[in-house]
Structures are given as structure tokens and as C-alpha cells.
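The chains referred to below are lettered A, B, ... by the order of the sequence lines, with proteins before strands, and numbering in each begins at 1.
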Amino acid sequence: MTRVNANRVMLVIAIMLAALYLFPLYWMYVTSLKTNSSIFAVPPEFLPGEPQWENYATIWDVANIPRFIWNSLVIATGVTVITGIVGAGAAYVLARYRNGWIDAALFTVLMLQVLPPSLMVTPIFVGFAWIGLLDFPRFAAILAISAKTMPFFVILCRAAFMTIPRELEEAALVDGNSRAGAFFMIVLPLARNGILISALLVFMQGFGEYVYSASIIADNRLQPASIGMTNFLQPNVVNWNAIMAFAATYVTPILAAFVLLQRQIVNGLTAGALK
Amino acid sequence: MTHQIELENVEKHYGSFHALKTVNLAIPKGQFVALVGPSGCGKSTLLRSIAGLERITSGVLRIEGERVNDLPPRKRDLAMVFQSYALYPHMSVRDNLTYALRLKGASKAERAKKAEEVAAIIGLENLLDRRPKALSGGQRQRVAMGRAIIRNPRAFLFDEPLSNLDAALRVRMRKEVRALHDRLGATSVYVTHDQIEAMTMADHVVVMRLGVIEQQGAPLELYERPANRFVAGFIGSPAMNFVPGTMAADGASVVLDLEGAPTLPTAIKAEPGLKVDVGLRPEHLTMGAPGVAGSATIGIAAVESTGSSCFLFADGDPELIITTDGSTNVKAGDQVGLTIAPERIHLFDPESEMALRSGE
């Protein structure tokens, strides 16, 4: 087989795999435009006969989408800010020092990454209830989600910091800067891309988070979109086209951001790996 | 007299590793000092300790008479040029040069003026707005130098600044660095593993090994009177030959362990029969016809000619290297006679490796 043919075969396989992965997304968009009857049509309709654009207009008002999206934004922003500030500091320390304690800390951070939220949610809920944090449910959710996103962020950021030569910082120290000054003037600007990309990924995690928000935020008015969507799941009727229209409204901005920034995201995550 | 930089019994431990052992060094104002030694000898640690990037474990470090053991680098007012240059990649050449001034709170106009001045000194007037990425190795090196001189510091510290340059540029920069030092009347400490750099640039050379200063002094003093076998072998290129020998019955001459070798008179009095290592510099050996009285006969294993000079490698053990001028018709496999100037030999105690001196 020639090289060109081999490449073609690989391309076909890649397209098929991509189609397989993207099919649920496609199904979401298609279903959101279907009528109730065509959703359950046998054989299934792969294209909506008459796109029901009004599904979107309906749920926008009925489901309080602006409020839910706003709550999601507040939570995602809070998570990103807390994770960013605390995590960048932690990552820097873990990147700059090498000893047994640091190794132990790093191992612990990796372990935290492994623990699933559904396992952690009960102790967190009990703890928060005990210290009265549940009176500020959105803030409590932000804290809990930050704890989840922190290890991921710390590990990505640490990699970004490690690509910055130590000599640059030392040069700044000799040039007359303090440790903190060297960090803010030299290290942080140079690690900026890695940090921003990691923060973006954290933001997306916060934006789509479900488990902690569902357990901690009882008040419907403060719930994020991920929970708002489940309001359409009722014991007897499941309003699929409304759910799908809601989901489409919810994820399209994220998808758009990802598609637009995907080159930067990939570069940001692999920066330094090639040097 | 207060020295510009003074180290007194300085020790540095990294955990169980003893990096600097009782280092004593006094550097007068205006001197160019080279710290030289093989990798891992502690020369960089010593420099970084002076800069304040490492804390010394004990001893006293003074700059202009002031004890600075506990001062952070920024309060020591020293400038450092790093091996990797450590230019700030996100700043233009101008900002790199004036970074230290900015930290001191100099006004924008003042910084601009200084940047122009320094750029003229280092010859980078046209590149002030470039990023370091867009500069060649030699230009980056100059920016790193400029960043040091703009501050007018109490001393310059150089950490192998030329080792990333190609050979021709290195030779040129060697002269430039030294010329700059003289022009600024600066005090410089220069770390290198290249003994030629140390010998050609410095007023005072400090040879280190395993955290210990083996010997310090003027370059030619180290060459002519090495204190021990290590310094003798480290200074000079190609390295000194060592041949075992025995003190003759008169206690004032030495018999080399070479076939046909003459008895060489020395100024050193030692016990007859004492085993010694005899150091012979390749450039102090001369060749003649084999079998002549007073010359040792050796076989030549290989000949390397560089045009200007020629290195002959003798076969047998110990291996000898002989430097002659460029035109020789000796070939590998030839037998030659070797004469040794007795006044240029060095004797070392094989046990302690210390040089034997007359009157000791």
C-alpha cells in the first residue's frame, strides 16, 4: 500500500471516529428542533422535517434561561478566580522547590484529582452545614467546586512554571528585585499563556458542574443551568425537545469558545514540551 | 585596606554534601579574578554565594568591608552575567537593559538616556527595540553585559558567560570583556572551566577542586610554580606530563623512569631513593636524534599537527605528549631522542601530590 493510500485510510478512520464522538452533539441539536412526535418516530429522523425554532424562544422564557446562565457564570467565575489565585501560588511553589515534602504534597494533589465528587459531596455538605456556609449556597458551591478543580489546575500550572528557567528569576533578584517582585514581573508574565489556558479549562468545568451545585444549592433562584435543565425531567413526562433546546443554548457558547481557541489551548498545554 | 569582596572561612553544605570547604579569598578593588576548576569543583557555588543566590553555611562574606551574609541579592549591589544570559524574553532589549534602573525608581527619561549610553558601549544602538529572541548569540551576550554595566555595581560576577559562543567569537569576547573591565575600573569575578580563559583574562586565578581552593595567584605564577599535581595538570595546554622518578644518591638530582634518561640535577634537596612524580610540560621537551648521550629514547605513537604547532604522543607508559613547532618530519613509529631542560621540571610527592620545593 502506498503512503498516500495509507494516509487516506487513516483519514477515513479519523472522520468515522470523530463522527461517532460528535453524534450525541448532533442529536442534541436535531432533537431540539423536532416536534414531540418526530422525536419518537421509528425509524428515527436524522434531519428535522420542519425545524421548530420556536422551541428555543419558548424555553428562553419558560425555563428562565437568563437566570440559570447567569448563576452558572457567577459560579464559574468564582471558581476560576479562587482556583487561579490559590492554585497559581501553590503551583509555583511546587515547581520551584524539590524535596521530600514537595513530593508528598504533589502526590496528595494527584490523589485529590482521583476522588470523585459524588464521594466527596457528603462530607463537604456536612462540614459546610456545620460551619454555616450553606446560608451562602452559591459561595459554598464555588468553594466546593474550586476544591475539585484545584488539583487539575495546579498540575497544569506547575508544568507552565517549570518551563521558565530559574536563571531568569535569579537575574531579577540580582538586578534588585524581591522574591515576590520577580514572581510578578518575570515569572507570571512568562507563564501567562499556560495559566490562562488552564484557567479557561477550569472556567468550563465550573460552568458545567452539576454534583456539588445540585447538593448544596437548594434555592431554585440560585441554581446554575446544569440543574435548571433537569427541571424538565418529570416523573411522567420528559420534554425532550425542550431539554435539548436548553442544552444547546447552554453548551453552544462553550463550544464556540473551544473551537475558536482550540489552537491556543493545544499550544498552551504543550508549550515547553517541544523545547 | 578593605577589599572589595572578602571571604573568610566560608563553608557551604547542601545537606550532607560539602560544596565549599574553608574558602578564603580577598579581592581588591579593580581586580579581575577568575575562578577555575573542573565541573563540580564549587566555583559556581562560590560565585552564587557572593551574589546572594545561595546562603553560606558559615564564615563571613564582606563587600566593601560590610558583612553581607544575611543580605538578599538585591541589597548587595552586584551585577551578574549568567551562562544562559537570562535575558527577560518578554521585554525589549531596552527594557532588559534598564530593568534594574526601573526597580531603583529611575525616571523614564533617565532610563532612556542610560540605555542609549550603554547601547553605544556594547554596540547595540540599533537593536534596542528588539526582543531577545530576535538576537544572535553574540548580541544576547552583549545585552547581558550591558544589563550589568548600566548599574555601575560594586562588582561584576560572570558565570561562564562565553561558553555558549562559538570559538572565534569567544576569543574576541574574551578581549572585549577584559577591555570593558579595565575601562570601567570594575571589580570582576569570573567563573570558567576553561583554563585558557582564566589565564588570559584574569589578574588573579583561583584554582578549585572539590570545594577547596587548591591554589591562587597570578596566572604565570600558577604556571611556573604549581603548588600541587592537580594545579600543575590543570593549568597549561596540553596538560603537563607526569613521569615517575627516584632521587639519586646525591639527593640533589632525579632519575627518570625512562629508558636512557639522564640524571637531572634539581635545586631541590631530598632524601636519596625517594620516589617522586616528575612533571614535564610538553612545551619544555625537545627532540633530537635517538641514542645521543643525555637523551631518553622514546617511540612515537601518533602525531597531531595544527600547522602552528605539533603534538607528538609517545608510546609506552606513562604516555608523554611533546609540543614542537609546526614543521616536523617525525612520523608515527619513529624513535626519537628526548632532552629535558632540568631547570623546568617540577617534582611532586606521589603520596600527598604536593610540589616539592627547594629549601623544604
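Only the backbone of B/L87 comes within contact range of chain A, with at least one heavy atom under 4.5 Å from a heavy atom of that chain. Contacts between B/Y99 and chain A at a heavy-atom distance below 4.5 Å involve the side chain alone, from C-beta outward. For A/I186, the parts sitting under 4.5 Å from any heavy atom of chain B are the backbone and the side chain alike. For B/R102, the part lying near chain A is the side chain, with the backbone staying farther off; criterion is any non-hydrogen pair under 4.5 Å.
Taking the six-membered ring wherever Trp is involved, the centroid distance between the rings of A/Y250 and A/F207 falls below 6.0 Å.
When the candidates B/P72, B/G52, B/A86, B/A144 are compared by the number of heavy-atom contacts under 4.5 Å with chain A, B/A86 comes out ahead.
In this pair, B/F32 and B/H181 present their aromatic rings perpendicular. The plane angle is above 60°, beyond the 30 to 60° band.
When only modelled atom types and interatomic distance are considered, B/E160 and B/T192 share no side-chain donor-acceptor pair under 3.5 Å.
Figure legend: cation-pi geometry between B/R147 and B/Y88, with NZ or CZ positioned under 6.0 Å from the six-membered ring centre and within 45° of its axis.
A side-chain donor-acceptor contact under 3.5 Å links B/R130 to the backbone of B/A134.
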